[in-house]
Asker: 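Pasting a structure below so you can have a look.
Every chain is numbered from 1 and lettered A, B, ... according to where its sequence line falls, protein lines coming before strand lines. Every value quoted in this text rests on a predicted model; they were computed, and no experiment measured them.
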Protein chains: 2
Amino acid sequence: MMFDKSRSAGALVSDIARLHAAEQQRALAPLGLSRAQFVVLCELWLADGMTQRELANGLGLEQATMANTLARMQRDGLVTRKPHPDDGRSQQIWLTEWARDLRDPASRAALEADGLLAAALPSAERELFLSMLSRVTANLRSGKTG
Amino acid sequence: MMFDKSRSAGALVSDIARLHAAEQQRALAPLGLSRAQFVVLCELWLADGMTQRELANGLGLEQATMANTLARMQRDGLVTRKPHPDDGRSQQIWLTEWARDLRDPASRAALEADGLLAAALPSAERELFLSMLSRVTANLRSGKTG
DNA sequence: TGTATTTGCATAGCAAGCTATGTAATGATA
DNA sequence: TATCATTACATAGCTTGCTATGCAAATACA
């Protein structure tokens, strides 16, 4: 019985994720952002005022993970938390002006890291690669729920 | 300036890596193994007696990460560390009998998790997917060094 | 109305990745 | 030979993921 990691999609994907995360961290660092913070900001740039649970659900992360990341984002001046008007248990997450201003430069940095990844493939293959990744993501996600 | 995570290979790969890691953890848990430990065991099943640095280099991990993982593996009875005969600074990492016996069942568990991932794609596309992942991995890795 | 369940959040504690730093052994060199 | 640089490892401290718990607010229902 053998496990050949060079022929394991899971092992390869894990390696790529780690290498890509390092690239993205490097690209985002000059803005004072971490990768996890950028991911949360992507949601909030579309619409802030969401609750912590809505954010966690949208990103597929656990509530506790979200709570910790939001605490660091508040510490770093990226978000503020205000009591929810209709529900005393929850809070609305709002972007600071500073976080709003980061949208363009941070998106550029993230795209740059993505470009390094895509550069490994001829452009003719990139659409298919994205399609495959999307199908795998959808499949694993649905398997988790159902 | 927009960042669309559903069209970002990096974002998709990160999600897949997280979902796959959870699957693999679940499959390995009954054996008392974590994913990170399994990865180290894969190296040691091929040849044990390596030093910590050799293991870290082989897996592309930092020395400190390796040191911590090996400490947990020693705690869990998977490896023993013996002084290196030729170099008083380093230690050789040896598998325990128990770890040796885990090779077949652990490999099966890992392959099972990989199967769930591959199941998202028609078999005709799987070879190409592996090839793309290999090229991306190689490209990112070489970019790191050079 | 009063209790019981559910829901939203915080916190503790663990794993595994990272960087930075300290120590001891080795190796190179003046 | 004595000193300096390098190498192997350990440790501290950070992030970001996880599970498990606890608490308080909201909701359901007897």
Asker: Using heavy atoms to find the nearest nucleotide of DNA chain D for B/Asn68 and A/Asp76 separately, return the residue whose nucleotide is more 5′.
Answerer: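 Result of the comparison: B/Asn68.
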Asker: Please report the distance, rounded to the nearest Å, between CG in A/Leu28 and C1' in D/dT16.
Answerer: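 Atom-to-atom, A/Leu28 to D/dT16, this comes out as 15 Å.
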Asker: Please determine if a side-chain N or O atom of B/Arg89 lies less than 4.0 Å away from the OP1 or OP2 oxygen of D/dT6.
Answerer: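 It does not, given that no N or O in the side chain of B/Arg89 lies less than 4.0 Å from OP1 or OP2 of D/dT6.
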Asker: I want to check one thing: is the phosphate of D/dT15, taken as OP1 and OP2, less than 4.0 Å away from some side-chain N or O of A/Arg35?
Answerer: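 For D/dT15, neither OP1 nor OP2 has a side-chain N or O of A/Arg35 closer than 4.0 Å.
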Asker: What is the distance, rounded to the nearest whole Å, between atom CZ of A/Arg72 and atom P of D/dC14?
Answerer: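 Nearest whole value for this atom pair: 11 Å.
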Asker: For C/dA10, take OP1 and OP2 only and decide whether either is under 4.0 Å from a side-chain N or O of A/Gln91.
Answerer: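 So the side-chain polar atoms of A/Gln91 do come within 4.0 Å of the phosphate oxygens OP1 or OP2 of C/dA10, strictly under.
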Asker: Looking at the side chain of B/Ala36, which of C/dC18, C/dA16, D/dG17 is the nearest nucleotide?
Answerer: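 Looking only at side-chain atoms, B/Ala36 lies closest to C/dA16.
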Asker: Could you give the CZ-to-P distance, from A/Arg18 to D/dT16, as a whole number of Å?
Answerer: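 Roughly 17 Å, once rounded to whole Å.
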Asker: Would you say D/dT15 has OP1 or OP2 under 4.0 Å from some side-chain N or O of A/Arg75?
Answerer: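 Indeed, a polar side-chain atom of A/Arg75 lies that close.
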Asker: In whole angstrom, give the distance that lies between atom NE2 of B/His20 and atom C1' of D/dG17.
Answerer: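 To the nearest whole Å, that distance equals 16 Å.
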Asker: With the side chain of B/Ala67 defined as its heavy atoms from C-beta on, choose the nearest nucleotide among D/dC18, D/dT15, D/dA10.
Answerer: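 Side chain of B/Ala67 sits closest to D/dA10.
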Asker: In plain terms, say whether A/Lys5 and A/Asp15 are close enough for a salt bridge, that is, a side-chain N and a carboxylate O under 4.0 Å apart.
Answerer: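 Not counted as a salt bridge, because no side-chain N and carboxylate O are separated by less than 4.0 Å.
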Asker: Expressed as a whole number of angstroms, how long is the span from B/Met73:CE to C/dG17:P?
Answerer: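 Atom CE in B/Met73 sits about 11 Å away from atom P in C/dG17.
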Asker: When you measure from the side chain of B/Ala64, which nucleotide among D/dA12, C/dG17, C/dG8 comes out closest?
Answerer: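 Of all the options, the side chain of B/Ala64 is nearest to D/dA12.
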Asker: Report the distance from atom CD of B/Gln37 to atom C1' of C/dA15, rounded to the nearest whole Å.
Answerer: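 My rounded result for the distance is 9 Å.
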Asker: I want to check something: taking the side chain as every heavy atom from C-beta on, are B/Gln25 and B/Ser34 in contact at a cut-off of under 4.5 Å?
Answerer: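 Yes, close enough: below the 4.5 Å cut-off.
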Asker: Within the pair B/Thr69 and C/dA16, is there a side-chain N or O less than 4.0 Å away from OP1 or OP2?
Answerer: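 Checking B/Thr69 against C/dA16: no side-chain N or O falls below 4.0 Å of OP1 or OP2.
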Asker: Specify the separation, in whole Å, of atom CZ of B/Phe38 and atom C1' of C/dA15.
Answerer: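 From B/Phe38 CZ to C/dA15 C1': 18 Å.
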Asker: Does A/Arg126 reach the main-chain N or O of A/Leu121 with its side chain, forming a donor-acceptor pair under 3.5 Å?
Answerer: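 Present.
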Asker: Is it possible for you to say whether B/Leu128 and B/Val136 belong to one hydrophobic cluster, with membership spreading through side-chain heavy-atom contacts below 4.5 Å?
Answerer: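 They do share one cluster, since a chain of ILVMFWY contacts under 4.5 Å joins B/Leu128 to B/Val136.
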Asker: From the set C/dG8, D/dA10, D/dG17, return the single nucleotide nearest to any side-chain atom of A/Asp87.
Answerer: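 The answer is C/dG8.
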Asker: Say whether A/Trp94 and A/Trp98 are linked into one hydrophobic cluster, either directly or through other cluster members, by side-chain heavy-atom distances under 4.5 angstrom.
Answerer: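 Different clusters.
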Asker: It should be established whether A/Ser90 places a side-chain nitrogen or oxygen under 4.0 Å from OP1 or OP2 of nucleotide C/dT7.
Answerer: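 No, outside the criterion.
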Asker: For A/Gln24 and D/dT15, give me the distance from atom CD to atom C1', rounded to whole Å.
Answerer: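 About 15 Å, once rounded to whole Å.
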Asker: What residues in residues 43-58 of chain A put a non-hydrogen atom under 4.0 Å from any atom of DNA chain C?
Answerer: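 Listed by number, they are A/Thr51, A/Gln52, A/Arg53.
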Asker: Under 4.0 Å between a side-chain N/O of A/Ser34 and OP1 or OP2 of D/dT15, yes or no?
Answerer: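 Answer no for this pair, as no side-chain N or O of A/Ser34 is under 4.0 Å from OP1 or OP2.
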Asker: Restricting to non-hydrogen atoms, name the atom on B/Asp114 and the atom on A/Ser8 that form the minimum distance, rounded to 0.1 Å.
Answerer: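 Result for this residue pair: OD1-OG, 2.8 Å.
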Asker: With respect to the side chain of A/Arg81, which nucleotide from D/dA26, C/dA16, C/dA10 is positioned closest?
Answerer: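 So the side chain of A/Arg81 is nearest to C/dA10.
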Asker: Would A/Leu41 and A/Arg103 count as a side-chain contact (heavy atoms from CB on, under 4.5 Å) here? Give the steps.
Answerer: CA-CA 8 Å; A/Leu41 288 180; A/Arg103 178 171 172 167; over 6 Å; no
Asker: Has the side chain of A/Gln63 got a donor or acceptor that lies under 3.5 Å from a partner of the other kind on the base of C/dA10?
Answerer: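 Check passes, donor-acceptor contact within cut-off.
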Asker: Run the side-chain contact (heavy atoms from CB on, under 4.5 Å) check on A/Leu78 and A/Leu44 step by step: do they pass?
Answerer: CA-CA 11 Å; A/Leu78 293 167; A/Leu44 292 171; over 6 Å; no
